Amino acid sequence: QVQLQESGGGLVQAGGSLRLSCAASGRTFIRYNMGWFRQAPGKEREFVAALSWSGSITNYADSVKGRFTISRDNAKNTVYLQMNSLKPEDTAVYYCATVTAGRNWYERDSYDNWGQGTQVTVSS
């Protein structure tokens with residue numbers, strides 16, 4: 001089991017940038033593929049990005065491709081989400097989670113060990 005804690009959210013103007021962090025407890029962090037999801041008010045939680053345990057493989061939702069970058073530092077047990085060119089429609093609570101081995105990275109049901117989330121608000 002691994003525990004996750006997101007940070008780095010806040011209020012930013014459209015076109016701005018934020019970097020989210022997801023700090024993990026436990027020595028097994030390196031074994032996990034990791035992902036970021038987000039949930040806007042009244043909407044389903046949706047996939048944003050994911051990467052492999054080594055960081056060599058990444059996947060992104062079409063809506064963030066070219067603007068967001070997912071990365072990890074296994075020495076620090078941390079996953080990052082660099083968000084550039086932010087838009088008002090990026091406003092949501094952002095969550096990190098571990099991917100169950102062998103499951104589809106794009107599907108919410110493939111994830112467990114969710115963090116509590118961090119709020120990102122983009123003003124127009």
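The shown structure was predicted, so the numbers you read here are calculated from the model rather than taken from an experiment.
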Is there a donor-acceptor contact under 3.5 Å linking the side chains of T98 and D112?
yes

Going by heavy atoms in the side chains, are [X] and [Y] under 4.5 Å from each other?
| X | Y | result |
| --- | --- | --- |
| L20 | W36 | yes |
| I70 | F68 | no |
| V79 | L51 | yes |
| F47 | N59 | yes |
| R38 | D90 | yes |

Report the relative orientation of the aromatic rings in W114 and Y95; use parallel for angles under 30°, tilted for 30 to 60°, perpendicular for over 60°.
perpendicular

Can you tell me how the ring of Y111 sits relative to the ring of F37, calling it parallel under 30°, perpendicular over 60° and tilted otherwise?
perpendicular

When you look at NZ of K65, are more than 12 heavy atoms from neighbouring residues, nucleotides or ligands closer to it than 6.0 Å?
yes

CD/Q119: more than 12 non-hydrogen atoms of other groups inside 6.0 Å:
yes

Show every side-chain hydrogen bond (donor to acceptor under 3.5 Å, both in side chains) that has at least one partner inside residues 2-20, sequence neighbours left out.
S17-N84

Do any N or O atoms from the side chain of T78 and from the backbone of D73 form a donor-acceptor pair under 3.5 angstrom?
no

Counting distance only, does the side-chain N/O of T91 pair as donor-acceptor with the main-chain N or O of V122 below 3.5 Å?
yes

Using a 6.0 Å distance limit plus a 45 degree cone around the ring axis, check whether R72 lies over the aromatic ring of F29.
yes

Nearest-0.5 Å distance that lies between atom [atom1] in [X] and atom [atom2] in [Y]:
| X | Y | atom1 | atom2 | result |
| --- | --- | --- | --- | --- |
| Y60 | W105 | OH | CH2 | 10.5 Å |
| M34 | N113 | CE | CG | 8.0 Å |
| N33 | T58 | CG | OG1 | 11.5 Å |
| C22 | L4 | SG | CG | 4.5 Å |

Restricting to non-hydrogen atoms, name the atom on [X] and the atom on [Y] that form the minimum distance, rounded to 0.1 Å.
| X | Y | value |
| --- | --- | --- |
| S124 | P88 | CB-CG, 3.8 Å |
| G9 | V120 | CA-CG2, 4.1 Å |
| L81 | Y94 | CD2-CD2, 4.1 Å |

Can a salt bridge be assigned to the pair R103 and D109 using a cut-off of 4.0 Å between side-chain N and carboxylate O?
no

Quickly, which of R45, R108, E46 forms a side-chain hydrogen bond (donor to acceptor under 3.5 Å, both in side chains) with Q39? Name it, please.
R45

